[in-house]
Amino acid sequence: MLRFILRRFAYGLITLWVIVSLTFILMHNLPGDPFANSEKLTPEARAILMKTYGLDQPIWIQYGAYVKKVFSLDLGVSFYYPTRSVNEIIAGTFPTSAQLGLFAITIAVIVGLTLGIIAALNHNKSWDYFAMFTAIVGVSVPAFVIGPLLSYYVGVKLGILPPALWKGPEYWVLPTITLSFTTLATMARMMRTSMLDVINQDYIKTAKSKGLSQITIVFKHTIRNAIMPIITILGPLTVNIITGTLVVEQIFAVPGMGKHFVQSISTNDYTMIMGLTIFYSALLILAIIITDILYGIVDPRIRLSKGGK
Amino acid sequence: MNNILEVKDLKVSFHTYAGEIQAVRGVTFNLKKGEALAIVGESGCGKSVTSQAIMRLIATPPGEIKSGSSILFDGKTDIVKLTDKEMESVRGSEMGMIFQDPMTSLNPTMKVGAQITEGLIKHQGLSKQAARERAIEMLRLVGMPNPEARIDQYPHQFSGGMRQRVMIAIALACNPKLLIADEPTTALDVTIQAQIIDLMRDLQEKTGASIIIITHDLGVVADIAQRVVVMYAGKVVEQGSVDDIFYNPQHPYTWGLLRSVPRLDNDEKEPLVPIEGTPPDLFAPPKGCAFAARCPYAMEICLESDPEIENVSAGHSAACWLLHPNAPKVERPVEVGGHHNG
Ligand SMILES: Nc1ncnc2c1ncn2[C@@H]1O[C@H](COP(=O)(O)OP(=O)(O)O)[C@@H](O)[C@H]1O
Ligand code: SF4
Ligand SMILES: [Mg+2]
């Protein structure tokens, strides 16, 4: 098992290096540069800035320097906020996004899976229709509709919870609900499909033929097998949600990472774009490794075929 | 009471969007204690539905065991009338079942040991340790080499034949009085098939369990069964001892079945004669004999009304108008069955 994990990490580093290189190449082939928008800049000042940031160097030297910096965990200084490093910006905003994201994904998993299981066990009965109606609403109504509605009615009109900001537990509730909605619905639908698939498997009939109770069959035989496809998507989904979502963070004025993804692109903030891309990729690679390990724990067939033990 | 099972007028339907499928349309047969009974018939004739009804494994809905059906088990309980909870204590403890495809009938994410012990823990209240010991003993009994190590492995680590042995261990773990095997060898290699049948016969002798075995293979019937039920389109068309069915078959469908499989005793290369045509639509079964459309001997009456079951001799009966005293005498095909003079 340890060898398996170490090997996965080695592959992960190689993947990351490829991503760093690709990002670098792509960024340097985009038109425009970070200082193109600052109209008041004299050509001399511009040249000085380019020199300071090393942008006048041949590309392969810039590349070498960048790779070296990235792998020593330094993502460079933002072009847009010249006084702050990309590391600082991530450190300042990621914890908030991650907290919100983790709350949301936890709720989505717990509620979503429960809904999916209830729906499948009551296939084509009213509970099933109720759960799937909720799921369809969840998938089709976007956060920019649910968010403001919650913020206005629950936050402003009823005044039960703060309508915005991120200052303590009571502030966490509305953004979490909003953010979890779509994911919750996706989870519920996937789990239902997967459960219905497993329920029709021969081994469930075997379990029944042993005289096991309905509850034992559901918990010991059905759910464990039905949850496999969920585990597969859970990793990427979590990374996506904990790195911040512009919409929800804007609606509730949550000081998260979401806006930097958008802002860095509109301002041509090279180091920021690359830094965020690499940060995101690193998280994604980590999530996939964790998914594989989890999968190995839950599904014995994977464990063996990958040579771990 | 020496019948372990008395199935009487069993009718099972499935309610689908397209209408009601009458999968089993009045099946009656008995199974004696310690006896092995084979159910044969083309695929789709209701063999699996019949056997699953006996264990109440038919999902309802869409399935329905029609009122008037009765399945008397061990002289006292009518399976049809038990509550779901009561049924749970019968399944697995008094009856066990083996399914066709050992590749899909074991839970892939659970060690085989746990799959054997869960029934023992539930029905016999064994401790984990005691159940584990019993499971090892069961694995040894079904011919699993090195059971102490194998018990902690997962299904994908076993071959098809070994998985079917695990299934047999599961089905027999609680010493059931009845073992139902639904085409237990169909999915296996020919050499493995014989081993599994030998094992089942051997275990029947050791445990005294009664067996219902569903099979396409008349060789298997001859190997293990004492009695045979021949089914066609949801009904029993003929039943009797193995000798009755092989050497004195009465129903044209049985004749067809016997001609459509290789002869057991004959080295001459005789051509196999498949039965022409297809079984009737179970949404709207014909009012006469269900086999009439394919029967070379069909008469007018056959289309008009369904033949009653007639006794041929003790324990041997068939449902065919040819058995009526006024029916024309028909020479059954000479090549039917085994030794004609024996
Ligand atoms: N769950 C079900 N829903 C609808 N029809 C079914 C179902 N299970 C079985 N049937 C129908 O019942 C008939 C008998 O099936 P079965 O007992 O499986 O045949 P076999 O003799 O091959 O085992 C078939 O026509 C089949 O289509
Ligand atoms: S009743 Fe008639 S149609 Fe049916 S099997 Fe007998 S002879 Fe053939
Ligand atoms: Mg079948």
Side-chain angles (χ1 to χ4, degrees), chain A residues 1 120-129 191 194-232 291-309, chain B residues 17 48 51-52 54-59 61-62 84-112 114-124 152-157 163 166-167 170-171 173-174 176 179-180 182 187:
Chain A
M1 194 71 180
L121 295 181
N122 296 284
H123 187 36
N124 284 342
K125 292 191 205 135
S126 37
W127 268 106
D128 186 15
Y129 297 129
M191 191 61 182
S194 184
M195 287 282 291
L196 288 178
D197 182 49
V198 171
I199 284 172
N200 285 320
Q201 296 290 316
D202 288 349
Y203 56 81
I204 298 298
K205 203 156 242 179
T206 305
K208 234 182 248 167
S209 79
K210 294 183 215 173
L212 303 178
S213 66
Q214 184 66 27
I215 296 200
T216 314
I217 293 173
V218 169
F219 281 92
K220 274 178 80 177
H221 293 268
T222 316
I223 293 180
R224 187 176 168 129
N225 285 291
I227 214 152
M228 300 293 174
I230 308 282
I231 292 179
T232 317
T291 305
D292 280 358
I293 296 171
L294 263 183
Y295 225 102
I297 293 171
V298 184
D299 190 341
R301 286 165 298 187
I302 308 286
R303 208 179 309 161
L304 206 83
S305 58
K306 294 231 170 119
K309 197 58 231 257
Chain B
Y17 291 115
S48 298
S51 65
Q52 290 176 14
I54 294 171
M55 284 194 80
R56 283 262 300 273
L57 288 175
I58 308 271
D84 287 350
K85 212 68 213 161
E86 288 167 337
M87 198 56 221
E88 272 170 24
S89 62
V90 175
R91 271 190 219 122
S93 83
E94 304 202 47
M95 314 173 168
M97 188 147 184
I98 306 166
F99 298 93
Q100 177 171 345
D101 190 353
M103 303 314 265
T104 56
S105 46
L106 291 167
N107 183 342
T109 60
M110 205 170 173
K111 289 177 181 169
V112 300
Q115 300 192 49
I116 303 174
T117 54
E118 56 181 355
L120 287 165
I121 293 169
K122 155 133 196 183
H123 296 298
Q124 309 198 332
D152 288 321
Q153 292 184 339
Y154 289 92
H156 71 271
Q157 293 164 286
R163 287 191 205 193
V166 173
M167 277 302 294
I170 291 174
C174 297
L179 174 67
I180 301 177
D182 188 350

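Letters A, B, ... mirror the listed sequences (proteins, then strands); counts begin at 1.
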**OP:** Quick one: do A/K208 and B/M55 satisfy side-chain contact (heavy atoms from CB on, under 4.5 Å)? Show the steps, please.
**Re:** CA-CA 9 Å; A/K208 234 182 248 167; B/M55 284 194 80; over 6 Å; no
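- Under the 4.5 Å side-chain criterion, counting only non-hydrogen atoms from C-beta, A/S209 is in contact with B/F99.
- Here the rule is side chain to side chain contact (heavy atoms under 4.5 Å, CB included) with A/L212, and of B/E118, B/E88, B/R91, B/H123 only B/E118 fits it.
- Between B/Q115 and A/K210, the closest side-chain pair of non-hydrogen atoms falls below 4.5 Å.
- Atom CG in B/D84 sits 8.5 Å away from atom CD in A/Q214 (nearest 0.5 Å).
- Neither the backbone nor the side chain of B/S89 comes within contact range of chain A, judged by heavy atoms closer than 4.5 Å.
- Taking every heavy atom of both residues into account, B/K122 and A/S213 meet most closely at NZ-N, 3.8 Å.
- Considering all non-hydrogen atoms of both residues, B/Y17 and A/N124 come closest at OH-ND2, 4.4 Å.
- Proximity to chain A (any heavy atom under 4.5 Å) is shown, for B/K111, by neither the backbone nor the side chain.
- With a threshold of 4.5 angstrom between heavy atoms, B/M95 approaches chain A through N, CA, C or O but not through any side-chain atom.
- Of all non-hydrogen atoms in A/N225 and B/P108, the two that sit nearest each other are OD1-CG, 3.6 Å.
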**OP:** Before giving the answer on side-chain contact (heavy atoms from CB on, under 4.5 Å), spell out for B/Q52 and A/K205 the whole-Å C-alpha distance, their side-chain angles and the decisive distance to 0.1 Å.
**Re:** CA-CA 10 Å; B/Q52 290 176 14; A/K205 203 156 242 179; 2.9 Å; yes
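- Looking only at side-chain heavy atoms (C-beta outward), A/T206 and B/N107 stay at 4.5 Å or farther from each other.
- For B/L57, the parts lying under 4.5 angstrom from a heavy atom of chain A are both the backbone and the side chain.
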